Number of protein chains: 2
Amino acid sequence: MRGHQVTIKDIAKILHISPSTVSRALKDHPDINPQTKKNVQDLAKKLKYKPNQVALNLLQKESKLIGVIVPEIIHYFFSTIISGIEKIANESGYHIIIAQSNESYHKEVENIQALLSSNIDGFIITMAKTTLNFDHFKNVAEIGVPMVFVDRTCDKVTADKVLVDDFDGAYKATKHLIENGCKNIIHLAGPQNLDIGIQRKEGFLAALNDSNISIGDYSIQICDTHDHALKLIPEVLSRHNNIDGIFAVNDLTAIGAMKAVKSINKKVPDDIAVCGFTNSFISYIADPELTTVDQKGFEMGQHAARMLLKRIQSDENYGPVTTILNTDLIIRKSSLKKK
Amino acid sequence: MRGHQVTIKDIAKILHISPSTVSRALKDHPDINPQTKKNVQDLAKKLKYKPNQVALNLLQKESKLIGVIVPEIIHYFFSTIISGIEKIANESGYHIIIAQSNESYHKEVENIQALLSSNIDGFIITMAKTTLNFDHFKNVAEIGVPMVFVDRTCDKVTADKVLVDDFDGAYKATKHLIENGCKNIIHLAGPQNLDIGIQRKEGFLAALNDSNISIGDYSIQICDTHDHALKLIPEVLSRHNNIDGIFAVNDLTAIGAMKAVKSINKKVPDDIAVCGFTNSFISYIADPELTTVDQKGFEMGQHAARMLLKRIQSDENYGPVTTILNTDLIIRKSSLKKK
DNA sequence: ACTCTTTTCGCAAACGTTTGAAATAACCTC
DNA sequence: GAGGTTATTTCAAACGTTTGCGAAAAGAGT
């Protein structure tokens, strides 16, 4: 199997000196004779000595490993977050271990436990949709492992957070639909146990309110997947055929909605304007191209990583920090009605 | 900072027994007094004792960590591979460390080095497009760390490989285009230093050949990105306006080509049929929906993980294994001309 | 020649866990 | 009650590295 990696002990034995001397020689410790130093360093280079990280981890109680838990990496938004994290982490010599919860609470708990025992230096987490109990997070906090929540956060846990201004993004998107002639907009909302679900809904409602548009009991539909939208929209439209705008909690749902609209021979955007949230890759591919709110995944990932590293490297115990990023409204064809 | 995780020593101290007794009690060793066992196990549960993986790694020279190096996780295909790997790895108590090469040779080398010193148990790698020198892989092989290549492979390195039958996939796709009335198909090919680029091109050529369709000097265009296709296709079509089919080396390029075709007011599929390769998510979202070859990323990831685990856990030194998966042609609207 | 300082190095402990071997204590047998 | 067996526990080493402290040797100063 695996060939023996060269260790400090090997070098010590060859040179007939002690491991401690080798260790010091390798780090240019002033106590070591220059000649010994040279011998050690030359031999180390020749033998391609690489320090054993695991031994260092055990000793120094840091693994230079960041645990990242996301629902699913196949989603563009999450993979952009991960890319942002990886970039910053790598710059500081850290690596990331990725675990997916698949939106399952139990998998999330499992992942946390498993990564904890790997002596992870910190966590960056986007909660699963199904997570309603937060004991596993509280446990992490108690043990004292730093933790940053990204995008989906919750008040019940004390931790750093980075999120986008969902309320404002939703507000801007809804305002935009109104300004483009929509008089009866519905919102396909996310689960109301997640802040982002709540905030985007509230932003939507606020925009309607500010424009004095009345809200029907059908104006909010809990629906946040492509397939659900595909089924739901025809039903809703058959009951309320004066709907002329849809604001979806994410791009995939928006695209599902667009497909559904087209399937019943209505036109996007002229009959029904559609706007999504995330600005994922598919919004650019969709037909018509999807107006959406840029959620800045890469930036969020970068911020989260910076915040985590700061906390890992700090000795003080400063209070939790929340970073809120601005969103940008990306206007494309799916929302621009002919006037 | 970080609170003290409960260790075996802690339990030993509390119970006034030795760490070794605690260790054995926790694993139900027959030598231990049932009462002692119960005391230990109860206390361990109460204190939420979790074995320290790092200490185990050091002792047993395995980290239960698999290094995964891919070009970019934001690409659907790579993230499905990763998901497949993660699933199998998790089932065996392994976790995955992900590093992105961003298609850069240097980043790839860096990643390999960094992960090696973290005592990775093995690698699963999809090479960067720009990798032409393979010394870093050979180095891994010499040290004796198991390694599996996925999708993009190279003959120069002795290692396990899992790939799809690119030749056959391309052949089937091209045949399908021909059967649907295409008489002048071009191929948007990948880089010819990668096996997949070569194989898909060869499959394309073989299908044309078997149907006695002549090949022009413009029939193969090196072009494997969305944006390149967007620029290239209008040029090519203006010079050869009898082209009636496009087979692209990947979905994104196919979609770029479709957009380009539509931009010059030709119709997909009636004027020009289009077929991609990968069956990524966007192929389903595209308009018209894209005919493509299913590259089975998830299955490839699973296979790769199984092959790696087998090699990690095996003592024998069996020769390199190559697994070739079949592709499926997924027929959608972009290739079905009205007859 | 004696102490004092400086230079250079090694010892030992530590991180958390496992495990072969040794130790202790209790019990049994003849 | 000597010898033997069994049950239970502890010791010590090991994994690779770092680091405070002590030690040895050499040189300097008087």
Side-chain angles (χ1 to χ4, degrees), chain A residues 1-41 43-44 47-65 116-121 143-144, chain B residues 1-41 43-44 47-65 93 116-121 143:
Chain A
M1 284 282 330
R2 174 160 207 168
H4 182 64
Q5 282 263 48
V6 181
T7 75
I8 274 191
K9 289 187 180 180
D10 296 327
I11 298 182
K13 209 164 288 176
I14 296 175
L15 260 32
H16 299 291
I17 55 179
S18 79
S20 29
T21 305
V22 176
S23 172
R24 282 188 254 253
L26 287 171
K27 353 184 75 69
D28 234 5
H29 193 285
D31 272 8
I32 304 297
N33 184 310
Q35 184 56 49
T36 313
K37 241 180 230 180
K38 189 171 179 333
N39 294 151
V40 170
Q41 287 168 354
L43 187 60
L47 264 36
K48 291 185 188 166
Y49 166 78
K50 291 252 184 295
N52 182 323
Q53 266 300 329
V54 176
L56 288 175
N57 300 349
L58 185 57
L59 196 60
Q60 296 165 348
K61 287 168 166 295
E62 64 170 18
S63 58
K64 297 276 181 188
L65 248 29
L116 265 185
S117 77
S118 290
N119 264 21
I120 282 306
D121 288 347
I143 296 176
Chain B
M1 285 276 339
R2 175 160 207 166
H4 183 64
Q5 281 262 47
V6 181
T7 74
I8 275 191
K9 288 187 182 181
D10 296 328
I11 298 181
K13 210 164 287 175
I14 296 176
L15 259 33
H16 299 290
I17 55 180
S18 78
S20 30
T21 305
V22 176
S23 172
R24 282 188 252 254
L26 287 172
K27 355 183 76 67
D28 234 5
H29 193 287
D31 273 8
I32 303 297
N33 185 309
Q35 185 55 50
T36 312
K37 240 180 235 180
K38 189 171 179 333
N39 294 152
V40 170
Q41 287 168 354
L43 187 60
L47 263 38
K48 292 184 189 166
Y49 166 77
K50 291 259 182 290
N52 182 323
Q53 266 301 327
V54 175
L56 288 175
N57 300 349
L58 183 58
L59 197 59
Q60 297 165 348
K61 289 171 163 291
E62 59 170 21
S63 59
K64 298 277 182 185
L65 248 30
L116 266 185
S117 78
S118 290
N119 264 21
I120 281 305
D121 288 347
I143 296 176

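Letters A, B, ... are given to chains in the order of the sequence lines, protein chains preceding strands, and every chain is numbered from 1. Being a predicted model, the structure only gives us computed values, none of them experimental.
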statement: note: B:N39, atom CG; D:dT8, atom C1'; distance rounded to Å ~ 14 Å
statement: CD (A:Q53) and CD (A:E62) are apart, to the nearest 0.5 Å, by 8.5 Å
task: Using atom NZ of A:K38 as one end and atom C1' of C:dT8 as the other, report the distance to the nearest whole Å.
output: 19 Å
statement: Counting primed atoms, P, OP1 and OP2 as sugar-phosphate and everything else as base, the B/S/- map of nucleotides 16-24 of chain D against protein heavy atoms under 4.0 Å is BBBBB----
- prompt: In whole angstrom, what separates A:D28's CG from C:dT8's P?
  reply: 13 Å
- prompt: Could you give the CG-to-C1' distance, from B:N57 to D:dA14, as a whole number of Å?
  reply: 15 Å
Spacing between A:L15 atom CG and C:dT8 atom P, to the nearest angstrom: 16 Å
query: When rounded to the nearest 0.5 angstrom, what distance separates CG in A:N52 from CG in B:L58?
result: 6.5 Å
statement: d(B:K48 NZ, B:Q5 CD) to nearest 0.5 Å is 10.5 Å
message: Run B:L65 and B:N119 through side-chain contact (heavy atoms from CB on, under 4.5 Å) and show every step you take.
response: CA-CA 8 Å; B:L65 248 30; B:N119 264 21; over 6 Å; no
- prompt: Rounded to whole angstroms, how far apart are CD1 on B:I32 and C1' on C:dT18?
  reply: 13 Å
task: Give, for atom CD1 of A:I17 and atom CD1 of A:I8, the distance between the pair rounded to the nearest 0.5 Å.
output: 10.0 Å
query: Roughly how far, to the nearest 0.5 Å, is the CG atom of B:N39 from the CD1 atom of B:I32?
result: 12.0 Å
